[in-house]
Student: 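Attaching a single structure in structure tokens format; questions to follow.
Below, chain A is the first sequence line, B the second, and so on; all start at residue 1.
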Protein chains: 2
Amino acid sequence: MGSSPHYLCRHTPGDRVSVEQERLLLALDFGGTKLTAGLAASGERYWRAHRVVASPPDSNAQSDREIMMELARDLLASPSGVSFVQTAHAVGVSFGGPVDAARGLVLLSHHVPGWENFPLRDWLQNRFGVPVAVDNDANAGALGEHRFGAGQGYDSLMYITVSTGVGGGWILNGQPWRGADGMAGEIGHTVADPDGPLCLCGKRGCVERLASGPYIAQRACQWLREQPDRGRILRALAGHDLQAVTARLVAQAVAQGDDLAWEALEIAAWGLGVGIGNAANLVNPQCFVLGGGVTKAGERFWGVVRRTARRMALPEVHFDVVPAALGDDAPLWGAISLAEDLINTC
Amino acid sequence: MGSSPHYLCRHTPGDRVSVEQERLLLALDFGGTKLTAGLAASGERYWRAHRVVASPPDSNAQSDREIMMELARDLLASPSGVSFVQTAHAVGVSFGGPVDAARGLVLLSHHVPGWENFPLRDWLQNRFGVPVAVDNDANAGALGEHRFGAGQGYDSLMYITVSTGVGGGWILNGQPWRGADGMAGEIGHTVADPDGPLCLCGKRGCVERLASGPYIAQRACQWLREQPDRGRILRALAGHDLQAVTARLVAQAVAQGDDLAWEALEIAAWGLGVGIGNAANLVNPQCFVLGGGVTKAGERFWGVVRRTARRMALPEVHFDVVPAALGDDAPLWGAISLAEDLINTC
């Protein structure tokens, strides 16, 4: 991870010793639909302060950056009572979209307009006056779970987040593996079933097309329409409004014994299991850490994921499949790790 | 790569200076059906001497080891005229089967009985009196192509060999990535088509089940049986003996315009392309290097492999798909690289 030479190390001997010793780190997560910021001290495992706001419906890159700067100022001003220029020793950033981590460049956002080729690292370095590192949310989530969450103790792991999309990030030899184009970990667009339904990417049966939340809901909804005698529990949960069916409601209906809901969810679990089994055979990491809303769908879902992954992998290939521990904060803790690495290389 | 501390470095000040300076490296390849040994000097890119023998039909681990020791003695005695104890500075080994590279342990061979949990590294170190490193043939092939072949200049690549089986090995950050169990690279048993034909591993539509030589021949053979009016060219090439159909004959028939042969080969190219595309999305290496007999099947085969892989990968994921340059010697050059790394860490 490079950064402007001027900012590689920051020694400020005039600072109060207590502040200097604790080396505060600022983490920013541009999540697409929400903006999160957290403040932690190097070596500590809790938030000194933490803020989340929803990204406004008509937001663009500039307005999101301004809101984030407000959050950061607020975080840095409140607990210690000193201004942020004096307190943050490094800033780590998780971005919900493709990023050139080496250059600290946001390539684009699929949710918010105006991010195309924006030099977020340099922009933040100019504002904070300290080193900044930027990565995408899947890589940051992998790093966060590895250092602070369910991936602790594993030297190699894949972090997979299953919510509105399916993304993933690698830790290999204890370090992020980003790939030649920063695109490694795209398990969502590996093919589980070439005869499956058409994905937005143009292929059929991608893991994301089978396992993401909106497609689980869409599948259940379609079956409710086609099979009027089935899915009573799910219908009731949705107030008999098919438009109101979500993956979360599908999971609730499964917990209450709805067969149609289970069939819709089972396809997701199967697709995810195929993707994990293929990834296990290809890369042979010690562990898969699964986060995101869909992975909260209950033990029956996890059973199919684990059994399918196990059946797809060769007998000699061993791995754990465990739930993420940090929830939505995994990328934010990853951003803390990115910041920590910046000050530790000084 | 560990080795007994005693052998980590070998300084023999009494040796003749000319021999000491050129630092000869011995490479051994236990290939399952054949045994190969090569001698090269560190930093050079050609064989000082090279021997291949077929493994006898009734061979076992012990007899293969004895034959290999004969080859090695022969190699080391001939050109320089000094005994091998004085000349080989390190030994690298490629083994055609699962290996625990860190411990230098052969886990088993699928071809030759008696290899179960054999400590090949220690056994060779005792005999040669110099440091030895052992890896499986796919990882060794990847390393060989990376350092000496088609993978030069790429920092990350996957080497895939397509012959009687389909295996693979990774180079990431310029180093072998072996995985937690030494099983990384098993692209042959990733699933390309879950509704495809049953594989020996128990799954359906594995890349190996679609793309390996014996299965190409089996598929063509079955269709010749079922479709008596088709495949005239292939029938003629096989002397009208269906048992004589091989993948090589299928490729020859394709080159001469046989449609049935092409359909049998196209499935192999498609399956391989799906596996490569999935691997590209998951790991995002710069390059895929393809070797093994099946990859000599001609430009039409390569076209389908490349187009399918490209279609399966996301647009942001870039990679080359290139033919291996070292042929059957890729693992042997990889063994030279393993040996070179041993003397360079001294």
Side-chain angles (χ1 to χ4, degrees), chain A residues 98 100 107-108 154-158 168 170 172-173 175 177-196 201-208 270-271 273-287 308 311-320, chain B residues 98 100 107-108 154-158 168 170 172-173 175 177-196 201-208 270-271 273-287 308 311-320:
Chain A
D100 180 339
L107 301 181
L108 65 105
Y154 294 102
D155 195 48
S156 56
L157 64 83
M158 182 174 210
W170 291 103
L172 301 179
N173 286 329
Q175 295 296 324
W177 169 256
R178 299 182 174 93
D181 304 288
M183 292 292 292
E186 282 285 359
I187 191 170
H189 294 285
T190 60
V191 174
D193 180 6
D195 297 321
C201 78
K203 303 200 298 284
R204 289 187 173 276
C206 289
V207 170
E208 177 166 299
W270 176 83
V274 172
I276 291 172
N278 282 342
N281 283 341
L282 272 172
V283 182
N284 188 19
Q286 295 165 312
C287 183
T308 306
R311 204 170 60 240
M312 292 291 149
L314 290 171
E316 300 89 347
V317 174
H318 304 105
F319 53 88
D320 298 326
Chain B
D100 180 337
L107 301 180
L108 65 108
Y154 295 102
D155 194 50
S156 57
L157 65 83
M158 183 176 208
W170 291 103
L172 302 180
N173 285 329
Q175 295 296 324
W177 169 256
R178 298 181 174 93
D181 305 288
M183 293 291 293
E186 282 286 358
I187 192 171
H189 293 286
T190 60
V191 175
D193 180 7
D195 297 321
C201 78
K203 302 199 297 285
R204 289 188 173 277
C206 289
V207 170
E208 177 165 300
W270 176 83
V274 171
I276 291 172
N278 282 341
N281 282 341
L282 271 172
V283 182
N284 188 17
Q286 294 165 312
C287 183
T308 307
R311 203 169 60 238
M312 292 289 149
L314 290 172
E316 300 89 347
V317 174
H318 305 104
F319 53 89
D320 297 326

Student: Show the atom names and distances, to 0.1 Å, of all donor-acceptor pairs under 3.5 Å that link a side chain in residues 179-189 of chain B to residues at least two apart or in another chain.
Tutor:
residue   : atom : partner   : partner atom : Å
Asp181(B) : OD1  : His318(A) : ND1          : 3.2
Asp181(B) : OD2  : His318(A) : N            : 3.0

Student: Can you tell me how far NZ of Lys203(B) sits from CZ of Arg311(A), rounded to the nearest 0.5 angstrom?
Tutor: 10.0 Å
Student: Ignoring hydrogens, what is the shortest heavy-atom contact between Met312(B) and Val191(A)? Give both atom names and the distance.
Tutor: SD-CG2, 3.5 Å
Student: Please enumerate all residues that pass salt bridge (Lys or Arg N to Asp or Glu O under 4.0 Å) together with Asp193(B), with sequence neighbours excluded.
Tutor: none
Student: Just how far is it from atom CG of Asn281(B) to atom SG of Cys206(A), taken to the nearest 0.5 Å?
Tutor: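 Between Asn281(B) CG and Cys206(A) SG, I get 8.0 Å after rounding to 0.5 Å.
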Student: Can you find a heavy atom in the side chain of Asn173(B) that is under 4.5 Å from one in the side chain of Trp177(A)?
Tutor: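 In contact.
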Student: Highest number of heavy-atom pairs under 4.5 Å with chain A: which of Gly277(B), Gly168(B), Pro285(B), Pro194(B)?
Tutor: Pro194(B)
Student: Whether the side chain of Trp170(A) engages the backbone of Leu282(B) through a donor-acceptor N/O pair (distance < 3.5 Å, no angle test) should be reported.
Tutor: yes
Student: Quick one: of Thr190(B), Val274(B), Leu107(B), who has the most non-hydrogen atom pairs under 4.5 Å with chain A?
Tutor: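 Between Thr190(B), Val274(B), Leu107(B), the count favours Thr190(B).
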Student: With a 4.5 angstrom heavy-atom cut-off, which part of Asp155(A) approaches chain B: side chain, backbone, both or neither?
Tutor: neither
Student: Checking heavy atoms, do the side chain of Ala192(B), its backbone, both or neither come under 4.5 Å from chain A?
Tutor: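 Just its backbone gets close to chain A.
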